[in-house]
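See structure below.
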2 protein chains.
Amino acid sequence: MLAQEGLKQIGSVAKQSGLPIKTIRYYDELGLLKTFGRTEGNYRLFNSDVFVRLRFIKRAQSLGLSLLEIKEFLEVHDRGDLPCDRIKVKLEDKLEEIEQQIQQLQILKQELKGLLSGWKTIPEHPEETICPIIEQVPSYSVSGTLTQSIPFFSTNDA
Amino acid sequence: MLAQEGLKQIGSVAKQSGLPIKTIRYYDELGLLKTFGRTEGNYRLFNSDVFVRLRFIKRAQSLGLSLLEIKEFLEVHDRGDLPCDRIKVKLEDKLEEIEQQIQQLQILKQELKGLLSGWKTIPEHPEETICPIIEQVPSYSVSGTLTQSIPFFSTNDA
DNA sequence: CTTGACCCTCTAGCTAACTGGAAGGTTTAG
DNA sequence: CTAAACCTTCCAGTTAGCTAGAGGGTCAAG
């Protein structure tokens, strides 16, 4: 029997939200959810806030934030603040990250295109290379300030 | 004492290549390296082919191929073929993958930019949202055939 | 009273590419 | 002979976000 009105067990939260039960339990374990206590039978109880929280989590996740980052925001929120300003800063960082990722991928793409456009099944060199073309050093001057080349060997001695 | 001329122990391979010993051992375990036997003391011996192989591995990795994919190529190579044609197909697939990744990231970027440009530290709504802005449904019509929206809740019942 | 749906915790596994450490064998210089 | 530097295998842990399964408790209906 449910302890109070309007409280839900994990199963119906799962159904309404479309998320697997296991996932909801997992979020709860990580401290993302703040359950509304338990029944006498030790069943988790949620009030309808949980849907707002879940939607927030999923939305933030889809924007590239990790569960731990999201947890921080939720904690700020739970202390009474709107975490908007912090979120803004994070999102600005994310934006920069994403722009860099895109740049890296563009470089890669250019490289791959270059390799593929110059492709021929090269005949000679039986032993000294594995695949001659793929081993070419990239010589791109794509567009702009890209001096950083893709590493062949990193420089750590261990 | 080294069994033969020109053979290297793992330490000097590590030094010359710049890769950690552990990594080289790991590649060997995965079957990427084909050692040149062992000493009486059970030390791995490499001939200088190993540098070609390592360079190939690192290069292919930097092009977005996994170690398992790379292993396939090396096995083809070791059976006597130049694995170029297979590599070509893989690389074409990779190219497509990368283009899709870029597209996804562009969408994300647009979204983030949209959020950040419309940003104000919104005052009201104490409880029904966590951060009002981040919870907006994205309404982008970026450029072209993007019907797929970022999922809030997926559609699996479990 | 029993069945079935629901819930609990706990442990372990998944992917990928390593990395760290324990415990111990080998080789060489002094 | 001993110490240092090198090597070996094996086991476990890292990251992130779950997911699977075992083993068992709770609850309402028939």
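Below, chain A is the first sequence line, B the second, and so on; all start at residue 1.
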Exercise. Tell me: NZ of B/K8 to P of D/dC6, nearest whole Å?
Worked result: 15 Å
Exercise. More than 12 heavy atoms of other residues, nucleotides or ligands under 6.0 Å from CD of B/E96: is that the case?
Worked result: no
Problem set entry | Protein-nucleotide distance (B/L19, atom CG; C/dC18, atom C1'), rounded to Å | 12 Å
Show me the donor-acceptor pairs within less than 3.5 Å that the side chains of residues 27-36 of chain A make with the rest of the protein, sequence neighbours left out.
residue, atom, partner, partner atom, Å
A/Y27, OH, A/K58, NZ, 2.9
A/D28, OD2, A/R44, NE, 2.6

For this session: Report the C-alpha distance between B/D49 and B/V52 in whole Å, list the side-chain angles of each, state the deciding distance to 0.1 Å, and finish with yes or no for side chain to side chain contact (heavy atoms under 4.5 Å, CB included).
Result: CA-CA 5 Å; B/D49 281 10; B/V52 174; 5.5 Å; no
For this session: Taking all non-hydrogen atoms of both residues into account, name the closest pair between A/I21 and A/G11 and its distance.
Result: CD1-CA, 4.1 Å
For this session: Mind calculating the distance between CG (B/L33) and P (C/dA17) to the nearest angstrom?
Result: 14 Å
Seminar exercise, completed: From CD of A/E40 across to C1' of C/dC8 the rounded distance in Å is 15 Å
Exercise. Residues two or more places apart in sequence or in another chain: which of them pass side chain to side chain contact (heavy atoms under 4.5 Å, CB included) with A/S66?
Worked result: A/L68, A/E69
Exercise. Can you name the residues that form a side chain to side chain contact (heavy atoms under 4.5 Å, CB included) with B/E99, not counting sequence neighbours?
Worked result: A/K109, A/K113, B/L95
Problem set entry | Distance in Å, B/I24 CD1 paired with B/R53 CZ, rounded so as to fall on 0.5 Å steps | 13.5 Å
Taking only nitrogen or oxygen atoms into account, show me every contact under 3.5 Å that the protein makes with nucleotides 9-13 of chain D, one pair per line with its distance.
residue, atom, partner, partner atom, Å
D/dT9, OP1, B/R38, NH1, 3.3
D/dT9, OP1, B/R38, NH2, 3.2
D/dT9, OP2, B/R44, NH1, 3.2
D/dT9, OP2, B/R44, NH2, 2.9

Exercise. Is any side-chain N or O of A/T39 closer than 4.0 Å to OP1 or OP2 of C/dC7?
Worked result: no
Problem set entry | B/L45 CG - D/dC7 C1' separation (whole Å) | 11 Å
Exercise. For C/dA17, does OP1 or OP2 lie under 4.0 Å from any side-chain N or O of B/T23?
Worked result: no
Exercise. Rounded to the nearest 0.5 Å, how far does CG of B/L7 lie from OG1 of B/T39?
Worked result: 10.5 Å
Problem set entry | Closest heavy-atom pair and its distance - B/F73, B/L65 | CE1-CD1, 3.6 Å
Exercise. C/dC18 P sits how many Å from B/D28 CG, rounded?
Worked result: 14 Å
Exercise. Are any of A/Y27's side-chain N or O atoms less than 4.0 Å away from OP1 or OP2 of D/dG17?
Worked result: no
Problem set entry | Inter-axis angle, terminal five-pair segments of the helix from C/dC1-D/dG30 to C/dG30-D/dC1 [nearest 10°] | 40°
Seminar exercise, completed: Assign each of A/Y26 and A/G41 the nucleotide of DNA chain D bearing its closest heavy atom; nearer the 5' end lies the nucleotide of A/Y26
Exercise. NZ of B/K8 to CG of B/L45: how many Å apart, nearest 0.5 Å?
Worked result: 12.0 Å
For this session: Could you check how far CD1 of B/I21 sits from P of C/dG21, rounded to whole Å?
Result: 15 Å
Tabulate atom names and distances for all N/O pairs under 3.5 angstrom spanning the protein and nucleotides 2-6 of chain C.
residue, atom, partner, partner atom, Å
C/dC6, O2, A/Y43, OH, 3.2

Exercise. What is the distance from atom NZ of A/K71 to atom CD1 of A/I57, rounded to the nearest 0.5 Å?
Worked result: 11.5 Å
